[in-house]
Amino acid sequence: MTKQWQEITHNIKAIYGNKDIVLLHEPTFSETEIEYVTDCIRTGWVSSVGKYVDEFEKRLAEYTGVKRAVAVVNGTAALHIALKIAGVQANDEVFMPALTFIATANAVSYLQALPHFVDVTEQTMGIDPVKLEEHIREIGEINNGHLINKWTGRIIRAIVPMHTFGHPVDIDALIDICKRYNLVLVEDAAESLGSYYKGKHTGGFGLVGALSFNGNKIMTTGGGGAILTNDEQLADYAKYITTTAKIPHRWEYRHDEIGFNYRMPNINAALGCAQIEKMNDFLTEKRQLTQKYQTLFEQIDGVDLFIEPTFGTSNYWLQTIILDLDKHNRDDVLDVLNKNGTMARPIWTPMDELIPYMDCPKGDLSVTYELNKRVINIPSTPIRVGKSTHE
Ligand SMILES: *Cc1c(COP(=O)(O)O)cnc(C)c1O
């Protein structure tokens, strides 16, 4: 087994032009980033005011096909505010996949609400709508128009689907559940900029959605995020509450509720304006990389590449392999890959196994546990077209 994975490591390195260390995901910059950021510094407006924030928000809304985008300091902050303006309150429960990055659960906790973990499908690694419905039938009852968790007495307010590694979940089935059980849909689209469900961009299906532009995401603003919505009033409120809830005035400091200082600085937005111009290139390059990995892993018994569902188009943000445990052991594979300078990581620890979230309500999570033992992310930096020394 070791020998086989040493050879695979060698082949991955070859895809990346035989670099000594191949990282999981590096940002890709060019002259445009330097130009816009330099311009931003020259104007002196690097922080809370400036033309790049407005421009970036405009381009984001255009790109994702929503009415409005509000740029904020990071994806977690975007989720926090998205949930807040969607009406999540203290002591509510919020459905989310147990297989996600911890930010999804943290954002719910910031509102003194509780994550309620549900299982995922092997096909999308996102929420399993069929299993969710079964779980709701078992634990839920409608009371005063609210879905109540019979076991805890709490209101279940919302569902937060997450598009794992860029692969869209079956969102229509979740929208249907939301309608029937009076739940609000808040999309965690942090990983899925450039991903589409039935031809429509992810992040715009729910009442509110959240994006992340962290350094390891498909495009970056250094740190950053955005709130997406088709509701103008909610967008205005999101803008207001992420900019300290200040009532506009020429000089007075008047704030009529407790706001947040979550606004994206202008200098980060300058970087974002340059990066979003490259999204099409990134998507093409990601797909080319997927093809290379497909050729590589087709020949390996017991390893499947994670491929987009038929109903959607993935941005292939993180390249992912799924192991057959009869033939490969996850930690042995991780050991060989990392030891030889090819960075690889397992999928997240299920949320209910983490100390802060052990006591949260949850459904049956058997697929989550199974995938946790089988899924590995491998190097995913887009290879610049024409720049690969491999060919
Ligand atoms: C990256 C990510 C976030 C949070 O983004 P930050 O910008 O790092 O705060 C939220 N949810 C998921 C699923 C993510 O992958």
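Values below: every heavy atom of this structure, side chains too, minus hydrogens, waters and symmetry copies. Atoms within each ligand, like the ligands themselves, are counted from 1 in listed order.
Residues satisfying the side chain to side chain contact (heavy atoms under 4.5 Å, CB included) criterion with K373, sequence neighbours excluded, are L325, E370. For N280, there are no side chain to side chain donor-acceptor pair (under 3.5 Å) partners at least two apart in sequence or on another chain.
If you run side-chain contact (heavy atoms from CB on, under 4.5 Å) between V160 and each of T104, V88, T100, only T104 comes through.
Judged as a side chain to side chain donor-acceptor pair (under 3.5 Å), not a single pair has a partner in residues 139-148 (not counting sequence neighbours).
Checked for salt-bridge contact, R68 and E232 meet the test: a charged N lies under 4.0 Å from a carboxylate O. Salt bridge annotation for D176-R180: present, with a cationic side-chain nitrogen under 4.0 angstrom from a carboxylate oxygen.
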Note every protein N or O atom lying under 3.5 Å from an N or O atom of ligand 1, pairing the names and giving the distance.
from, atom 1, to, atom 2, distance (Å)
ligand 1, 5 (O), S212, OG, 3.2
ligand 1, 7 (O), G75, N, 2.7
ligand 1, 7 (O), S212, OG, 2.8
ligand 1, 9 (O), G75, N, 3.3
ligand 1, 9 (O), T76, N, 2.8
ligand 1, 9 (O), T76, OG1, 2.5
ligand 1, 11 (N), D188, OD1, 3.4
ligand 1, 11 (N), D188, OD2, 2.9
ligand 1, 15 (O), E191, OE2, 2.5
ligand 1, 15 (O), K217, NZ, 3.2

